[in-house]
Amino acid sequence: MQIPAVVMSVEYRLAPEHRLPAAYDNCSEALHWIRTTRDEWLTKCFLMGSSAGGNIAFCVGLDAVTTVDQLTPLKIEGLILHQPFFGGVERTPSEMRLVRDKMVPPHLNDLAWGLALTIGVDRDHRYSNPMKNIGVGGEAKKEGWRVLVTDD
């Protein structure tokens, strides 16, 4: 099967040397670069990412939907989030099940967020726990975006 699509990957700055929102800014800049291209095949896109990339696709998408008119002729059709990396201060049931996990116990996730988030904010910040903010995604629905979240 052939799918008429172009897949692009953005190289973004990494924490802890460059804390968030540095990665989001790099990916937003890539959207604006795509917007300036004259190639018609780059006018429709989905933002996609896995794990931390899923978080980045989500956060960049939320920012992009508020400035959708500045991205024309680029039209974002939706988000594809594969196991997006989110989490808040309060442990979820799935995190509690992993307390004794030898590969990635919850305290390693805490460490990762501690190195990535802006100094002085906790894991309930909008970058790490967007569901804490009521109404997340309302603008995306208005734009007709489709959102797919997968867990395996």
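Just so it is clear, the model here is predicted, and its values are computed rather than measured.
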V89 backbone acceptor or donor facing D124 side chain under 3.5 Å: yes
Within one Ile-Leu-Val-Met-Phe-Trp-Tyr cluster: L20 and L108, side-chain cutoff 4.5 Å: no
Joint hydrophobic cluster, L71 plus M48, side-chain heavy atoms closer than 4.5 Å: no
T37 side chain vs I34 backbone, donor-acceptor pair below 3.5 Å: no
Student check: side-chain heavy atoms of V147 and V149 closer than 4.5 Å: yes
Ring geometry between F85 and W113 (parallel below 30°, tilted from 30 to 60°, perpendicular above 60°): parallel
Donor-acceptor contact below 3.5 Å, side chain R19 vs main chain G114: yes
From NE2 (H107) to CG (L98), nearest 0.5 Å: 12.0 Å
Shared hydrophobic cluster, L117 / Y12 (ILVMFWY, side-chain heavy atoms < 4.5 Å): yes
Nearest non-hydrogen partners of R13 and A22, listed with the distance: NH2-O, 3.3 Å
Reported CE-to-OG1 distance for the pair M131 and T92, which is rounded to 0.5 angstrom: 13.0 Å
Close side-chain approach of E77 and R146, heavy atoms under 4.5 Å: yes
Flag side-chain contact, heavy atom, 4.5 Å: L115 against L111: yes
Gap separating the NE2 atom of H82 from the OG atom of S51, nearest 0.5 angstrom: 9.5 Å
NZ/NE/NH1/NH2 to OD/OE distance under 4.0 Å, E95 and R123: yes
Smallest separation among heavy atoms of A64 and L31, with atom names: CB-CD1, 4.2 Å
Any side-chain heavy-atom pair of P105 and R100 under 4.5 Å: no
T150 to P84 - nearest heavy-atom pair and separation: O-CD, 4.2 Å
Whether over 12 other heavy atoms sit under 6.0 Å from I119 CD1: no
Separation of S28 OG from I56 CD1 (nearest 0.5 Å): 10.5 Å
Same apolar cluster (I L V M F W Y, side chains within < 4.5 Å links), V60/M8: yes
ILVMFWY cluster, L62 and I76 together (side-chain gap under 4.5 Å): yes
R91 side chain vs M96 backbone, donor-acceptor pair below 3.5 Å: no
Shortest non-hydrogen contact between L79 and F46, atoms and distance: N-CD2, 4.0 Å
From CA spacing to verdict: side chain to side chain contact (heavy atoms under 4.5 Å, CB included), N26, E11: CA-CA 8 Å; N26 292 145; E11 186 171 327; over 6 Å; no
Nearest-0.5 Å distance, NE2 of residue H32 to CD of residue Q70: 6.5 Å
Closest contact, heavy atoms only, G88 versus N129: CA-ND2, 3.4 Å
Aromatic centroids of Y24 and Y127 separated by under 6.0 Å: yes
NZ (K44) with more than 12 external heavy atoms under 6.0 Å: no
Considering all heavy atoms, the nearest N55-S128 contact: ND2-CA, 4.5 Å
Interatomic spacing from OG in S50 to CD1 in I80 - rounded to 0.5 Å: 10.0 Å
